[in-house]
> 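Right, I'll just put the structure down here and ask away after.
Any value given below was found using the heavy atoms of this structure, including those in side chains, with hydrogens, waters and symmetry copies removed.
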Amino acid sequence: MGSINRFSQRLLPACLAEKCIINPITSPFLLTPSHRFRPALIPTSKPGPSNPNPFFTTRVTYTSSSSSSSSTLVANAGWLMGFADKKPVLPEIVLVGDPVLHEPAQEVEPGEIRSDRIQKIIDDMIMVMRDAPGVGLAAPQIGIPLQIIVLEDTKEYISYDRADVTKAQDRRPFDLLVILNPKLKKKGKRTALFFEGCLSADGYRAVVERHLEVEVTGLSRDGKAIKVDASGWQARILQHECDHLDGTIYVDKMVPRTFRTAQNIDLPLAAGCPKLGVR
């Protein structure tokens with residue numbers, strides 16, 4: 001879902017968190033620094049050589065079998081460069097405008113769920129989500145048009161926001177969830193309006209109205225049937241991620257005139273906009 005952003009867009013480590021002030025109208029994914037600065041937009045990978053063609057995203061190709069020769073080359077390169085403990089190369093987060101984010105994703109064949117290829121995609125998604133860091137990610141966000149979502153919220157993430165804010169949002173920690181071919185059913189009529197963000201459009205926020213309760217059915221990474229009954233913020237994350245699988249991003253559902261940059265999150269809503277909170 002929305003990122004827990006570096007500096008004004010990413011989650012700050014505890015040592016820096018005390019230097020920030022939290023804005024009560026933001027999503028819990030945002031820490032607003034007490035000083036103003038112009039944030040860099042979406043660093044989608046760790047610092048390194050600049051991309052000579054920034055208009056295209058470098059993607060990881062997932063195949064059924066890996067190439068031993070290429071693995072050897074990578075290993076040798078790392079040895080020659082003196083890196084004893086190399087981190088795995090993670091897929092970059094795909095940015096809005098890429099067709100994969102605006103077209104429906106395909107279902108995963110149940111017989112392929114336990115394959116090395118699908119399991120590798122799931123592992124990469126989890127690492128990318130945690131590295132961002134964020135609380136949810138859909139496979140299209142790493143360029144894979146398959147119906148897979150991962151989500152997780154922790155006490156640490158929640159601790160970076162004010163208790164009264166997280167209480168209003170009904171935000172509670174939950175363990176890692178991996179759902180393939182999810183089917184979402186909205187329950188009840190109650191909804192809530194809060195700001196959302198997205199790792200594929202980092203640096204921006206908008207108010208989105210979401211149902212307070214949902215039921216999601218699908219398959220686990222072991223291929224077993226699962227059902228998740230969610231409420232509050234977890235329900236919002238599930239709706240956000242399932243939207244990605246339909247080719248929908250949050251700005252397609254945003255409340256008009258609420259779209260803004262992250263650094264302007266503390267500015268008042270325009271006249272006529274609905275108030276944040278449960279309706």
Side-chain angles (χ1 to χ4, degrees), residues 1-12 17 19-42 95-97 101-102 132-136 153 157-172 186 188-214 230-244 246 248-279:
M1 191 183 173
S3 62
I4 313 171
N5 305 312
R6 288 191 180 93
F7 299 110
S8 68
Q9 283 103 6
R10 298 290 176 95
L11 178 65
L12 298 177
K19 298 180 181 179
C20 300
I21 55 172
I22 307 238
N23 182 2
I25 70 168
T26 68
S27 78
F29 313 130
L30 178 68
L31 289 177
T32 305
S34 56
H35 56 85
R36 293 283 185 177
F37 62 93
R38 184 180 182 86
L41 291 180
I42 323 175
L95 307 184
V96 290
L101 292 176
H102 305 283
V135 295
D153 204 359
Y157 291 170
I158 295 172
S159 72
Y160 284 97
D161 212 341
R162 284 190 355 221
D164 60 325
V165 174
T166 56
K167 181 178 179 180
Q169 295 164 338
D170 191 16
R171 188 178 176 197
R172 289 160 279 125
K186 298 170 183 175
K189 297 181 179 180
R190 299 187 69 200
T191 62
L193 294 112
F194 290 108
F195 276 99
E196 283 186 18
C198 182
L199 289 170
S200 292
D202 209 359
Y204 297 92
R205 300 290 183 271
V207 175
V208 181
E209 184 174 10
R210 301 283 190 186
H211 274 71
L212 286 176
E213 295 181 273
V214 299
S231 60
W233 207 255
Q234 185 183 25
R236 176 174 291 267
I237 297 170
L238 282 164
Q239 290 169 84
H240 181 108
E241 302 307 331
C242 285
D243 276 352
H244 273 301
D246 292 330
T248 301
I249 56 177
Y250 79 102
V251 294
D252 296 324
K253 293 187 171 183
M254 68 180 181
V255 175
R257 297 183 296 162
T258 64
F259 185 69
R260 58 189 60 201
T261 59
Q263 62 262 43
N264 285 340
I265 198 74
D266 55 343
L267 299 181
L269 293 171
C273 289
K275 293 182 179 180
L276 301 182
V278 177
R279 303 189 76 172

> I need the L193 CG to M254 CE distance, nearest 0.5 Å.
13.5 Å
> Atom NZ in K167, atom CD1 in I158: separation rounded to 0.5 Å?
15.0 Å
> Quick check against the 3.5 Å criterion: does R236 have a side-chain atom that pairs as donor or acceptor with the backbone of Q169?
no
> Apply side-chain contact (heavy atoms from CB on, under 4.5 Å) to A168 and list each qualifying residue two or more places apart in sequence or on a separate chain.
none
> Does E209 use its side chain to pair, donor to acceptor, with the backbone of T191 at less than 3.5 Å?
no
> Run the side-chain contact (heavy atoms from CB on, under 4.5 Å) test against K253 and tell me which residues pass, sequence neighbours left out.
V208, R210, D243, T248
> If you round to the nearest 0.5 Å, how far is CD of E196 from OG1 of T258?
10.0 Å
> What's the spacing between W233 CH2 and H240 NE2 if we round to 0.5 Å?
11.0 Å
> Looking only at non-hydrogen atoms, find the nearest pair between G136 and I237 and report the distance.
CA-CG2, 4.4 Å
> Please determine whether the number of non-hydrogen atoms from other residues, nucleotides or ligands lying under 6.0 Å from atom CZ of R190 exceeds 12.
no
> Does H102 use its side chain to pair, donor to acceptor, with the backbone of G97 at less than 3.5 Å?
yes
> Hey, what do you get for NE2 (H244) to OG (S200), rounding to the nearest 0.5 Å?
5.5 Å
> Which pair of non-hydrogen atoms, one from P133 and one from L199, has the smallest distance, and what is that distance?
O-CD2, 4.5 Å
> Does the R172 side chain pair with the main chain of G232, one donor and one acceptor, at a distance under 3.5 Å?
no
> What distance separates N264 CG from F259 CZ, expressed to the nearest 0.5 Å?
11.0 Å
